[in-house]
Asker: 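Take this structure, written in structure tokens, and hold onto it; I'll ask about it next.
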Amino acid sequence: MVKDLFERIQNNKGPLGKWASQAEGYFVFPKLEGELGPRMQFGGKNILNWSLNDYLGLANHPEVRQADIDAATQFGAAYPMGARMMSGHTKYHEQLENELADFVMKPAAYLLNFGYQGMVSIIDALVTKNDIIVYDVDSHACIIDGVRLHMGKRFTYKHNDLESMEKNLQRATKMATETGGGILFITEGVFGMRGQQGKLKEIVAMKQKYNFRLLVDDAHGFGTLGKTGAGAGEEQGVQDDIDVYFSTFAKSMANIGAFVAADKDIIDYLKYNLRSQMFAKALPMIQTIGSLKRLELLRNHPELKDKLWENVNALQNGLRSRNFNIGDTNTCVTPVYLQGSVPEAMVMVNDLRENYGIFLSIVIYPVIPKGIILLRMIPTTSHTLGDIDETLTAFEAIREKLENGTYKEIASRTTVDLDA
């Protein structure tokens, strides 16, 4: 007898979905209201927000807001209609591609509607069943889903582990020799949970020994790292050696969309083989023209990045001086690692929001190991030193409650499983 397809879904909500009745609307799918920025409203209360990826504070920059308004007034939300190959191509899309390529020091670039789908499709387009993929085990979900489409062999290496990288490159080399294929090596410029930069300089050095091409997802590095803001490759002095550079507009550019940059022949190939773009409506003019303004500000106002790093250093140094574990982050992403269960984490975050007015992202099992609570903060140019002092004071208070068992005792009075 054939099972009902939905039986599994109804009986098993998944590792995160099982918390939905207690978490939805508060811990997940929360509704933040008001103007985007460090101070917003949540549940009818004013909160200090550390959960926006608006690194450079461009979301509410007056020139950005005006550019968005002007584009909407001139073109509306629908223009252009159709995929770019058929009817949706404009001079503004070309201009943005040329300026992005120049900014990240690559010969050519291609616009993407979304970062997630873009990366999935890039991986799918770059490899055949004869090729081998080698990628970091802590890669973002978009990379993992792109690799899942691959019909050939793939190897994961331990996170940022050079010995594991080389071991898997050796395996990939042997297999590619047998299949007659090539090797695609994938890493991130910045790992968005831990805040570590990918070891791009060391990976590039391995190119002298192994014949592979390097794809870098630099979503969190673009605009925040490097002398000009061109990202982790510029920061580490190896931008020229990145074969395919990818970033999204959803972080420093405070917008929707993404791009991929590489040598012209690679971009030309992707333009005609990237299925997520070939069969999708072109990026609307509001986002396209709006991104041109954002890129102009990013290029011409280095003080935005300077202020960002002033806040990053103040927050991270303040946490370290108070003996908080923030791992080995060397980017703007600021993780704080604490020990506790999922129910304790829920009580803690409720306390932070309701009694201290602080909103941030909480990361728990299965994203990270059981028994670990990761509180992730994204400092931005728009935050103030006063915001940082307020947060450090609150963190000292919640750590004390976690360590003295206050949160565990409160959690024990609920119906959740304390062993989670």
Side-chain angles (χ1 to χ4, degrees), residues 9-54 59 116 140-141 192-193 250-251 315 319 324 333-380 382-383 387-388 390-420:
I9 296 170
Q10 292 161 346
N11 294 333
N12 181 0
K13 302 299 183 183
L16 291 177
K18 70 178 182 179
W19 299 104
S21 62
Q22 295 166 281
E24 189 164 328
Y26 193 90
F27 300 103
V28 295
F29 298 101
K31 292 183 280 289
L32 289 169
E33 299 175 306
E35 188 170 278
L36 288 171
R39 300 284 174 171
M40 297 184 72
Q41 287 77 50
F42 175 70
K45 296 182 179 181
N46 292 323
I47 51 96
L48 173 53
N49 188 4
W50 292 101
S51 195
L52 289 181
N53 290 325
D54 183 23
Y116 197 107
H140 188 271
M193 289 296 163
K251 309 298 192 285
L315 177 63
L319 288 165
F324 282 96
V333 178
T334 304
V336 177
Y337 299 93
L338 300 166
Q339 294 196 346
S341 65
V342 171
E344 286 175 293
M346 289 180 173
V347 175
M348 178 197 302
V349 171
N350 178 263
D351 192 23
L352 264 176
R353 294 178 182 178
E354 300 302 321
N355 299 315
Y356 298 95
I358 292 176
F359 187 100
L360 46 72
S361 298
I362 175 175
V363 186
I364 52 176
Y365 177 82
V367 179
I368 56 175
K370 282 187 176 182
I372 301 295
I373 303 168
L374 191 161
L375 303 178
R376 188 184 73 151
M377 290 185 285
I378 302 294
T380 72
S382 302
H383 284 99
D387 295 337
I388 293 167
E390 180 180 337
T391 301
L392 293 172
T393 299
F395 268 47
E396 288 185 295
I398 64 165
R399 178 174 59 186
E400 181 178 353
K401 293 179 185 179
L402 181 64
E403 292 177 347
N404 68 21
T406 298
Y407 293 144
K408 185 172 185 179
E409 193 277 328
I410 295 172
S412 69
R413 295 191 242 119
T414 70
T415 58
V416 297
D417 180 5
L418 277 175
D419 294 327

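Please read these numbers as outputs of a predicted model, since none were measured by experiment.
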Asker: Within the structure provided, determine whether Met193 and Val333 are in side-chain contact (heavy-atom separation under 4.5 Å).
Answerer: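 A side-chain contact under 4.5 Å is absent here.
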
Asker: Specify the closest pair of heavy atoms between Leu52 and Thr380, including all atoms of both residues, with the distance to one decimal.
Answerer: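 Distance-wise, the nearest heavy atoms are O-CG2, 3.9 Å.
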
Asker: Nearest 0.5 angstrom please: Met40 CE to Leu48 CG, how far?
Answerer: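 Nearest 0.5 Å value for the CE-CG distance: 12.0 Å.
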
Asker: Taking side-chain hydrogen bond (donor to acceptor under 3.5 Å, both in side chains) as the test, write out the residues that go with Asn11, two or more places apart.
Answerer: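 Partners of Asn11 under the side-chain hydrogen bond (donor to acceptor under 3.5 Å, both in side chains) test: none.
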
Asker: What closest approach, in Å, do Pro38 and Ser382 show between heavy atoms, and which atom pair accounts for it?
Answerer: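 For Pro38 versus Ser382, the nearest heavy atoms are CG-O, 3.5 Å.
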
Asker: Evaluate the side-chain contact (heavy atoms from CB on, under 4.5 Å) criterion for residues Gln339 and Ile373: first the C-alpha distance (whole Å), next the side-chain angles of each, then the deciding distance (0.1 Å), finally the verdict.
Answerer: CA-CA 6 Å; Gln339 294 196 346; Ile373 303 168; over 6 Å; no

Asker: Rounded to the nearest 0.5 Å, what separation is found between the CG atom of Asn350 and the OH atom of Tyr407?
Answerer: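 Rounded to the nearest 0.5 Å, the CG-OH separation comes to 9.0 Å.
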
Asker: Between Met377 and Pro379, which heavy-atom pair has the shortest distance, and what is it?
Answerer: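 So the two residues come closest at O-CD, 3.5 Å.
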
Asker: Under the side-chain hydrogen bond (donor to acceptor under 3.5 Å, both in side chains) rule, collect the residues that match up with Asn53, sequence neighbours excluded.
Answerer: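 By the side-chain hydrogen bond (donor to acceptor under 3.5 Å, both in side chains) rule, Asn53 matches no residue at all.
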
Asker: Between Glu390 and Arg39, is the closest basic N to carboxylate O distance under 4.0 Å?
Answerer: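 Result for this pair is yes, salt bridge flagged.
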
Asker: State whether the side chain of Arg399 and the backbone N or O of Leu338 hold a donor-acceptor pair below 3.5 Å, judged by distance alone.
Answerer: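 A pair under 3.5 Å: no.
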
Asker: Take Leu319 and Thr334 through the side-chain contact (heavy atoms from CB on, under 4.5 Å) test and state the conclusion after the steps.
Answerer: CA-CA 10 Å; Leu319 288 165; Thr334 304; 3.7 Å; yes

Asker: If you compare all heavy atoms of Val336 against all heavy atoms of Phe324, which two are closest, and at what distance to 0.1 Å?
Answerer: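 Minimum heavy-atom separation between Val336 and Phe324: CG1-CD2, 3.9 Å.
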
Asker: His383 vs Trp50 aromatic rings, parallel, tilted or perpendicular, using cut-offs 30° and 60°?
Answerer: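 The arrangement is parallel - the two ring planes meet at less than 30°.
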
Asker: So do the side chains of Thr406 and Val347 get within less than 4.5 Å of each other, counting heavy atoms only?
Answerer: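 Contact flag for Thr406/Val347 side chains = no.
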
Asker: With rounding to the nearest 0.5 angstrom, report the CG to CD1 distance, Asp54 to Ile378.
Answerer: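 Answer for the CG-CD1 pair, Asp54 versus Ile378, is 11.0 Å.
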
Asker: Closest approach of Leu352 and Ala394, non-hydrogen atoms and distance?
Answerer: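 What the structure gives for the nearest pair is CD2-CB, 4.2 Å.
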
Asker: Please output the side-chain donor-acceptor pairs of residues 353-364 that fall under 3.5 Å, not counting sequence neighbours, one pair per line with the distance.
Answerer:
residue	atom	partner	partner atom	Å
Arg353	NH1	Tyr26	O	2.4
Arg353	NH2	Leu360	O	3.4
Glu354	OE1	Lys45	NZ	2.8
Glu354	OE2	Tyr26	OH	2.7
Asn355	ND2	Asp351	OD1	2.5
Tyr356	OH	Lys401	NZ	3.1
Ser361	OG	Ser51	OG	2.6

Asker: Any idea which heavy atoms bring Leu375 and Ile398 closest together, and the distance?
Answerer: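 Smallest interatomic distance, heavy atoms only, reads CD1-CD1, 4.1 Å.
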
